[in-house]
Participant: 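Mind having a look at this structure? Questions to follow.
Below, read A as the first sequence line, B as the second, and so on, with proteins coming before strands; counting in each chain starts at 1.
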Protein chains: 2
Amino acid sequence: MARNSQAPRIAKSRAGIRPLPGRARSESDNAHSDLMNGEIGLDALAGHAGYAVRRFQIWVFQDFIRTLGSVDIRPTQYSVMTVIGANPGLSQMAVAKRLGIERARLVHLLDSLEQRELVRRVKSANDRRSHALHLTARGRTALAQFKRLAAEHERHVAEKIGKENREKLLQILSDFT
Amino acid sequence: MARNSQAPRIAKSRAGIRPLPGRARSESDNAHSDLMNGEIGLDALAGHAGYAVRRFQIWVFQDFIRTLGSVDIRPTQYSVMTVIGANPGLSQMAVAKRLGIERARLVHLLDSLEQRELVRRVKSANDRRSHALHLTARGRTALAQFKRLAAEHERHVAEKIGKENREKLLQILSDFT
DNA sequence: GGAAGATTGTTGTTGACGACAACAATTGTT
DNA sequence: AACAATTGTTGTCGTCAACAACAATCTTCC
């Protein structure tokens, strides 16, 4: 979770900003006023993958945080626990590299998870610099529930963009997983 | 630079291992060690759209920032100028609502852009509370160059995930644009 | 075997960003 | 005219990525 953010309080009045009715446009459309209709013309951003991905990512993370709100787990915490659960004994360096987060950042994440007794740092015998990361017993049962809630979250995503679209998306971005 | 450290080199090497031959796994699979091979097992994160989207979004933004580095324009600044360029005279409130950013945040963004003489806040005649936003002459020519660089960035995205995949992605996420 | 270099976990700083809260000026509503 | 709502602004808080520096501990190489 590299989340960018948020504590999505409650999606108040602004549940969703509706885009415009789409006209087919070429990506090389030049900027020009588009105010003939009452709406704000933003076709200028239509061809930009990064913008759409960013907006979508914010939506997804907010839903994740809301759906896992009852257990107070954020996307990054979830990813850390998932990787440790699947690969017990990993070092902090290995986990950080795997998830693409700074090892400096992982320190705080683990501090929090260890405080909640979901994860344990065990001194490594081979390399006394590093810690072997493990889930606690509580961590394992907790992760099982987190996964159930995460699955529910994934269903929300499927509802939002369509089941097939979600699968296509996962396929397109599989290299980044 | 260090930015490229985010490049998914690990994911790449794992690409072939992913769908394990054997049993069909459900997304709520319990965690279990997957270390038989030398790689770190992360199949546990494979079915999560948010994670893939997040990693991809980071990659895209880093490429955007690098590609537009010579003109020192970040994605948010670009989106603000694009919207103003396409809809001159818009109020700050309207721009913020359109881009889904806080109007408080837009204040700083506009301060920066106005300082660089790319954007102007003009006092609105109708509503003396609000400002009508316009690009300066310099802003218009600058935006034209930004768009050329942004198009180059989009080509990088197409190279990364494939031309058709990029288009499919834009289509899937068109509601968020 | 020991010095030099690299790695691991840690602490701290910086800057971008989202969410909120409060405020003055202005507009709208009644 | 009184009261509510909107707009831009300022400021605070928390999350996150990117760096830099450091002590402790390997690893390498002579």
Participant: Measuring to OP1 and OP2 of C:dG15, would you say a side-chain N or O of B:R74 lies under 4.0 angstrom away?
Facilitator: no

Participant: Take the protein atom CG of B:N126 and the nucleotide atom P of C:dT26, then report the distance between them rounded to whole Å.
Facilitator: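 Roughly 15 Å, once rounded to whole Å.
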
Participant: What about the rings of B:F64 and B:H156, do their centers lie closer together than 6.0 Å?
Facilitator: no

Participant: Tell me whether the side-chain N/O atoms of B:T76 come closer than 4.0 Å to OP1 or OP2 in C:dA16.
Facilitator: no

Participant: Indicate yes or no: does B:D111 engage B:R121 in a salt bridge with an N to O separation below 4.0 Å.
Facilitator: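 Salt bridge: yes.
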
Participant: Has the side chain of A:Q77 got a donor or acceptor atom that lies under 3.5 Å from a matching backbone atom of A:R74?
Facilitator: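 Checked: pair present.
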
Participant: Take atom CD of A:E102 and atom C1' of C:dG15, then tell me their distance rounded to the nearest Å.
Facilitator: 14 Å

Participant: B:Q62 CD to D:dA17 C1': how many Å, rounded?
Facilitator: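 One finds 8 Å between C1' of D:dA17 and CD of B:Q62, rounded.
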
Participant: Could you tell me the separation between the CD1 atom of A:I73 and the P atom of D:dT15, rounded to a whole number of Å?
Facilitator: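 Computing the A:I73:CD1 to D:dT15:P distance gives 13 Å.
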
Participant: N/O contacts under 3.5 Å, protein versus nucleotides 7-10 of chain C?
Facilitator:
residue : atom : partner : partner atom : Å
C:dT7   : O2   : A:R129  : NH1          : 2.6
C:dG9   : OP1  : A:Q92   : N            : 3.0
C:dG9   : OP1  : A:H131  : N            : 3.3
C:dG9   : OP2  : A:M93   : N            : 2.6
C:dG9   : N7   : A:R103  : NE           : 3.0
C:dG9   : O6   : A:R103  : NH2          : 3.2
C:dT10  : OP2  : A:Q92   : OE1          : 3.0
C:dT10  : OP2  : A:Q92   : NE2          : 3.0
C:dT10  : OP2  : A:R121  : NH1          : 2.7

Participant: Distance check needed: D:dA17 C1' versus A:Q57 CD, whole Å only.
Facilitator: 13 Å

Participant: Do the side chains of B:L135 and B:V71 join up, straight or via other hydrophobic residues, at under 4.5 Å, putting them in one cluster?
Facilitator: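 B:L135 clusters together with B:V71.
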
Participant: When the nearest nucleotide of DNA chain D is assigned to A:R128 and to A:L109 on a heavy-atom basis, which residue is associated with the more 5' position?
Facilitator: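 Its nearest nucleotide being more 5', the pick is A:L109.
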
Participant: Would you find more than 12 non-hydrogen atoms of other residues, nucleotides or ligands less than 6.0 Å from B:R120 atom CZ?
Facilitator: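 For B:R120, atom CZ is not crowded (no more than 12 foreign heavy atoms under 6.0 Å).
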
Participant: Given atom CG of B:L106 and atom P of C:dC17, what is their separation to the nearest angstrom?
Facilitator: 12 Å

Participant: For C:dA16, does either OP1 or OP2 sit under 4.0 Å from a side-chain N or O belonging to B:Q77?
Facilitator: no

Participant: Between A:F56 and A:L169, is a side chain to side chain contact (heavy atoms under 4.5 Å, CB included) present by the stated rule, with each step listed?
Facilitator: CA-CA 12 Å; A:F56 178 59; A:L169 195 74; 3.5 Å; yes

Participant: What integer distance in Å separates A:K123:NZ from D:dC26:P?
Facilitator: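 Value for this atom pair: 10 Å.
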
Participant: Partners of B:E152 by salt bridge (charged side-chain N to carboxylate O under 4.0 Å, His left out), sequence neighbours excluded?
Facilitator: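 Salt bridge (charged side-chain N to carboxylate O under 4.0 Å, His left out) list for B:E152, sorted by chain: empty.
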
Participant: In whole Å, what is the span from the CZ atom of B:R105 to the C1' atom of D:dT12?
Facilitator: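 B:R105 atom CZ is separated from D:dT12 atom C1' by 15 Å.
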
